[in-house]
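Below you'll find the structure, written out as structure tokens, and then a few comments.
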Amino acid sequence: MKKNSLFVVMTLALLTLASCGKKEKSFKELEETYLPKPEMALTAQDTAEVTSLAQHYLQLLEQRELEDAAGMLYYQKGDSVLPLRPDQLKNQLFVLKHFKGVEYKMEHIIFRDKDNSEVRCMVKLFEPKEGSTRPNKLALVLRPVRHEGKWYLTTNLD
């Protein structure tokens, strides 16, 4: 949360600086000077691994193999990445059983740093009736974490 707040503040500061006074530096130069650099180097293999994990997770959800899907999830505690505890697994299964989707799609992956990345998925809960404006989608966010060279899908659990 602090990193997101810092990013917003820095972006606003950059926009303010860029919009007034002398325009000696370009926006790109200001961005390179003041915005924090990513903490990790990514390769196409990293993107492929996270994409594969997320797509497999969504495929398990779509096939209603909920125990296997929940078994793919981990949580972060300090510097460790751990499998879900039995109580967390039970809660995760409860949620998955009650939000049956008819379609699961990955929308995007955002890599920020090794502990703060995001896979955003969209779950279509039902087919809308013609002319209906009732919302029928739910966002699902997974947090991929690279720990000791391996990618894990984590959730926002304690």
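None of these values were measured; they are calculated from a predicted model.
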Using 0.5 Å steps for rounding, measure from the [atom1] atom of [X] to the [atom2] atom of [Y].
| X | Y | atom1 | atom2 | answer |
| --- | --- | --- | --- | --- |
| L82 | H147 | CG | NE2 | 8.0 Å |
| Y74 | T154 | OH | OG1 | 11.5 Å |
| S117 | R146 | OG | CZ | 9.0 Å |
| L84 | N91 | CG | CG | 9.5 Å |
| Q88 | L93 | CD | CG | 12.0 Å |
| T155 | M72 | OG1 | CE | 13.0 Å |

Mind checking whether D46 and W151 have side chains closer than 4.5 Å, heavy atoms only? yes
Under 4.5 Å between any side-chain heavy atoms of L142 and L73, yes or no? yes
Report the residues that fulfil side chain to side chain donor-acceptor pair (under 3.5 Å) with [X], sequence neighbours left out, ordered by chain and then residue number.
| X | result |
| --- | --- |
| E107 | R120 |
| E65 | none |
| H108 | E118 |

Same cluster or not: are Y152 and V141 linked, directly or through other Ile, Leu, Val, Met, Phe, Trp or Tyr residues, by side-chain heavy atoms under 4.5 angstrom apart? no
Side-chain heavy atoms nearer than 4.5 Å, only ILVMFWY residues, links allowed to pass through others: does that put V95 and V119 together? yes
Would you mind writing out the side-chain donor-acceptor pairs for residues 47-64 within the sub-3.5 Å range, not counting sequence neighbours?
unit_1, atom_1, unit_2, atom_2, d
E49, OE2, Q45, NE2, 3.2
T51, OG1, T47, O, 2.7
R64, NH2, L96, O, 3.4

Restricting to ring-ring contact (aromatic ring centres under 6.0 Å, His included), what partner residues turn up for Y104, sequence neighbours left out? none
ring-ring contact (aromatic ring centres under 6.0 Å, His included) partners for F99, two or more places apart: none
Enumerate the salt bridge (Lys or Arg N to Asp or Glu O under 4.0 Å) contacts for residues 89-99, please, sequence neighbours excluded, ordered by first and then second residue. none
Taking distance alone, no hydrogens or angles, what donor-acceptor pairs closer than 3.5 Å link side-chain atoms of residues 122-130 to residues at least two apart or in another chain?
unit_1, atom_1, unit_2, atom_2, d
K124, NZ, E103, OE1, 3.3

Salt bridge (charged side-chain N to carboxylate O under 4.0 Å, His left out) against D79, all qualifying residues, sequence neighbours excluded: none
